[in-house]
Amino acid sequence: MSQKPQQTGTSDVIKVRYEKLAALKEAGRDPFVITTSARDVLTETIKNNFEEYENKDVCVAGRLLSKRGKGKVSFMDLWDRSGKIQIFAKFDDLGEEEYGFLKKWDIGDIVEVKGFVFKTQMGEISVHAKEVKLLSKSLKPLPEKYHGLTNTDLRYRQRYVDLIMNPEVKDTFVKRSKIIGSIRRYLDNQGFMEVETPMLVANAGGASARPFLTHFNALDEDLKLRISLELYLKRLIVGGLEKVYEIGRVFRNEGVDTRHNPEFTLMELYQAYTDYNGMMDLTENLYRHVAQEVLGTTTITYNGIEMDLGKPFERITMLDAVKKYSGVDFNEIHSDEEAKAIAKEKGVEFEERHKKGDILNLFFEEFAEEHMIQPTFVMDHPIEISPLTKKKPENPDYVERFEFFMNGWEMANAYSELNDPIDQRERFKAQEALLAQGDDEANTTDEDFLNALEIGMPPTGGIGFGIDRMCMLLTDSAAIRDVLLFPTMKSLND
């Protein structure tokens, strides 16, 4: 049975804390009526600039995470968003009443301390308290200091406690914020415009995924949560914006594992007058920029494996990758029947509706994908799995598409975008046929999008980046839930 989201600690401990709160209220010291704090500096600012702050009066505020000392002298560690600092408090400085209230503070309380900065005999930068104030009472105890919050399920359910108890978790999410900020700065400097498009849509297209369904009461219409950003962003290319991107949540009604969460952060960008080769160049430059700016290096290590973003990224076709790692040359396979026969011979599972191109992709996933450790562009996918992509002029069975891989993971997916409305309508028809055959991830025809293409869309390159996987790699995080502040979890019965 799953552990309930209840903090460690007995009901007696909680009862004592409620009694302390009642006593504070009775004494006219209810912390919950306080609306603000006089804090004027963060703890790390003091520690990083001690010469400037020595003997200077400051006001700090944060959470109390440790207490020690006895009698008329107390030491405490106060944590704010930047780090921690030691608080030194004496009976003689605060007086009997104030020191008495301070002694009743509990681990987890939010406090404010006014005093001067000094360095103890042990050399620790501290604040010598002259005035203290309880800003908020913690009514439930935090996990025990030395064992911390280690239950993974509980950490994800109670991220607020996880962030308090595990500083490395906070560091991961600070770094995630910096990664996203770095992406924005890079694209903005390249002349891209950030936009926002609908999350509630009548037609969830742009990817192969099962959508979530909902109902809009005011219009009495069934709607879907978007699975992609693509079709609306392409409408903006038609409208002449030329270089657009969006970073936002998308929703796919699929399973949960170390790399998948049903809601996740996707970035898609579209650039007029370029193709998938332009998207490869942009991807290389973007990844290098973000790694250098956030990590200070273009060499990253994930789970002990070193990956070099500084070298030119490898480029290989899907046909060549499958031939290299499975020994099967799909150029020598000329029919769906031959493809199915070789799949049976090699033990690759497929569905009866699958065609040669589908089976080529299955071979790639089975034999080649895990070898894509260093940054690699896998190019020229079969048309069957790419309903929104331009055909290769010299070989219309394949399209101008690439997937970007690192660590054996798909990190991005890019196209020379299909801008032929006649071809696009035929592709939608093929997707509708798959839907009728039971493929609940197939696209449906989007008439308004077709109308936009008929107005005219210039040659365009487009790409979608999985932001969460990028954050996993750059923070050396084992699971997607480690880089999502509030991952999707199965509800617990109380």
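This chain uses plain numbering: 1 for the first residue, then up along the sequence.
Of the charged side-chain nitrogens involved, none lies within less than 4.0 Å of a carboxylate oxygen, so that K67 and D77 do not count as a salt-bridged pair. Ionic pairing of K133 and E131 is not present here: no N-O contact between side-chain nitrogen and carboxylate oxygen is shorter than 4.0 angstrom. Between R157 and D153, at least one side-chain nitrogen of the basic residue sits less than 4.0 Å from a carboxylate oxygen of the acidic one, meeting the salt-bridge criterion. The pair K72-D92 does not meet the salt-bridge criterion, since no charged nitrogen lies less than 4.0 angstrom from a carboxylate oxygen. Between R288 and E293 there is no salt bridge, since no side-chain nitrogen of the basic residue lies less than 4.0 Å from a carboxylate oxygen of the acidic one. Here K119 does not pair with E124 in a salt bridge; the nearest charged N to carboxylate O distance is not below 4.0 Å.
The backbone N or O of L231 sits less than 3.5 Å from a side-chain atom of R235, completing a donor-acceptor pair. Judged purely by atom type and a 3.5 angstrom limit, R63 uses its side chain to pair as donor or acceptor with the backbone of G108. Checking side-chain atoms of S177 against main-chain N and O of K175 turns up no donor-acceptor pair under 3.5 Å. Although no hydrogens or angles enter the test, the distance criterion places no donor-acceptor pair under 3.5 Å between the side chain of R185 and the main chain of V290. A distance-only check finds a donor-acceptor pair linking the side chain of D275 to the backbone of N277 [under 3.5 Å].
Shown here is R81, whose CZ atom has no more than 12 heavy atoms of other residues, nucleotides or ligands within 6.0 Å. In K178, the NZ atom is not crowded: 12 or fewer heavy atoms of neighbouring residues, nucleotides or ligands sit closer than 6.0 Å. Within 6.0 Å of the CD atom in E96, the count of heavy atoms belonging to other residues, nucleotides or ligands does not exceed 12. Counting heavy atoms of neighbouring residues, nucleotides and ligands inside a 6.0 Å radius, atom CD of E168 exceeds 12 of them.
Under the 4.5 Å side-chain criterion, counting only non-hydrogen atoms from C-beta, V244 is not in contact with L269. In this structure, the side chains of R155 and N166 come closer than 4.5 Å at one or more pairs of heavy atoms. The closest side-chain heavy-atom distance from H381 to T389 is not below 4.5 Å. At least one side-chain heavy atom of I164 sits less than 4.5 Å from a side-chain heavy atom of L65. Taking the side chain as every heavy atom from C-beta outward, V60 and D80 never approach each other to under 4.5 Å. Side-chain contact between L134 and W105 is present, with heavy atoms from C-beta onward closer than 4.5 Å. Counting heavy atoms from C-beta on, the side chains of Q271 and Q190 never come closer than 4.5 Å. Here the side chains of T460 and T274 are not in contact, with every heavy-atom distance at 4.5 Å or above.
No side-chain N or O of Y287 forms a donor-acceptor pair with one of T298 less than 3.5 Å apart. In the model, R17 has a side-chain atom that pairs as donor or acceptor with a side-chain atom of S138 under 3.5 Å. Donor-acceptor pairing under 3.5 Å is lacking for the side chains of R226 and S228. For the 3.5 Å distance criterion, the side chains of Y270 and E268 qualify, holding a donor opposite an acceptor. At a cut-off of 3.5 Å, with distance as the only test, a side-chain donor of Q86 or S126 sits close to an acceptor on the other residue. Remark: the Y156 side chain and the N151 side chain contain no N/O donor-acceptor pair separated by less than 3.5 Å.
In terms of heavy-atom proximity, V483 sits nearest to M472 at CG2-CG, 3.8 Å. Nearest heavy atom pair, residue D93 against residue A129, reads CB-O, 3.9 Å. Taking every heavy atom of both residues into account, Y53 and V58 meet most closely at CD2-CG1, 3.8 Å. Minimum heavy-atom separation, A207 to R252: CB-NH2, 3.4 Å. Listed here is the closest heavy atom pair of I463 and A414: CG1-CB, 3.5 Å. Minimum interatomic distance between L94 and A89 (heavy atoms only, all atoms of both residues): CD1-CB, 4.1 Å.
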Ring pair (Phe, Tyr, Trp, His ring centres under 6.0 Å) between F404 and F377: does it pass, once the steps are laid out?
CA-CA 5 Å; F404 172 51; F377 296 118; 5.3 Å; yes
Mind running side-chain contact (heavy atoms from CB on, under 4.5 Å) on M76 and L102 for me, showing each step along the way?
CA-CA 10 Å; M76 296 164 283; L102 177 143; 3.7 Å; yes
Evaluate side-chain contact (heavy atoms from CB on, under 4.5 Å) for F465 paired with I247, printing each intermediate quantity in order.
CA-CA 9 Å; F465 291 87; I247 299 174; over 6 Å; no
Show your reasoning for whether side-chain hydrogen bond (donor to acceptor under 3.5 Å, both in side chains) applies to S74 and Y99.
CA-CA 9 Å; S74 294; Y99 193 76; 2.8 Å; yes
Test log, rule side-chain hydrogen bond (donor to acceptor under 3.5 Å, both in side chains), inputs T172 and T475
CA-CA 6 Å; T172 292; T475 62; 4.9 Å; no
Please walk me through it: do D448 and Y232 pass side-chain hydrogen bond (donor to acceptor under 3.5 Å, both in side chains)?
CA-CA 10 Å; D448 183 71; Y232 281 99; over 6 Å; no
Please determine whether salt bridge (Lys or Arg N to Asp or Glu O under 4.0 Å) holds for the pair E254 and R210, giving the CA-CA distance in whole Å, both sets of side-chain angles, and the decisive distance to 0.1 Å.
CA-CA 7 Å; E254 58 190 14; R210 183 190 305 167; over 6 Å; no
Candidate pair T43 and K84, rule side-chain contact (heavy atoms from CB on, under 4.5 Å), full reasoning
CA-CA 6 Å; T43 59; K84 72 169 182 173; 5.6 Å; no
Let me check something: any side-chain donor-acceptor pairs from residues 30-40 under 3.5 Å, sequence neighbours excluded? List them with distances.
{"unit_1": "D30", "atom_1": "OD1", "unit_2": "F32", "atom_2": "N", "d": "3.0"}
{"unit_1": "S37", "atom_1": "OG", "unit_2": "R39", "atom_2": "N", "d": "3.1"}
{"unit_1": "S37", "atom_1": "OG", "unit_2": "E112", "atom_2": "OE1", "d": "2.6"}
{"unit_1": "R39", "atom_1": "NH1", "unit_2": "A61", "atom_2": "O", "d": "3.2"}
{"unit_1": "D40", "atom_1": "OD1", "unit_2": "C59", "atom_2": "N", "d": "3.0"}

Contacts under 3.5 angstrom, residues 18-27 side chains, donor-acceptor by atom type, not counting sequence neighbours:
{"unit_1": "E19", "atom_1": "OE2", "unit_2": "K15", "atom_2": "NZ", "d": "2.7"}
{"unit_1": "K20", "atom_1": "NZ", "unit_2": "K104", "atom_2": "O", "d": "3.1"}
{"unit_1": "K20", "atom_1": "NZ", "unit_2": "D106", "atom_2": "OD1", "d": "2.8"}
{"unit_1": "K20", "atom_1": "NZ", "unit_2": "D106", "atom_2": "OD2", "d": "3.3"}

Show me the side-chain donor-acceptor pairs of residues 302-314 shorter than 3.5 Å, one per line, residues at least two apart or across chains.
{"unit_1": "Y302", "atom_1": "OH", "unit_2": "S477", "atom_2": "O", "d": "2.6"}
{"unit_1": "D308", "atom_1": "OD1", "unit_2": "G310", "atom_2": "N", "d": "2.8"}

Would you tabulate the side-chain donor-acceptor contacts of residues 405-412 under 3.5 Å, counting partners in other chains and residues two or more places apart, or write 'none'?
none

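Note: F88 and F75 have tilted aromatic rings, judged against thresholds of 30 and 60 degrees for the angle between ring planes. Aromatic ring orientation, H289 versus Y186: tilted (interplanar angle from 30° to 60°).
For the salt bridge (charged side-chain N to carboxylate O under 4.0 Å, His left out) test with E98, the passing option among K114, R29, K90 is R29; the others fail.
Looking at residues two or more places apart in sequence or on another chain, you find a salt bridge (charged side-chain N to carboxylate O under 4.0 Å, His left out) between D468 and R176.
Between the CZ atom in F50 and the OG1 atom in T45 there is a gap of 14.5 Å [rounded to 0.5 Å].
Pairs of residues two or more places apart, or lying in two chains, never qualify as salt bridge (Lys or Arg N to Asp or Glu O under 4.0 Å) while including a residue from residues 470-489.
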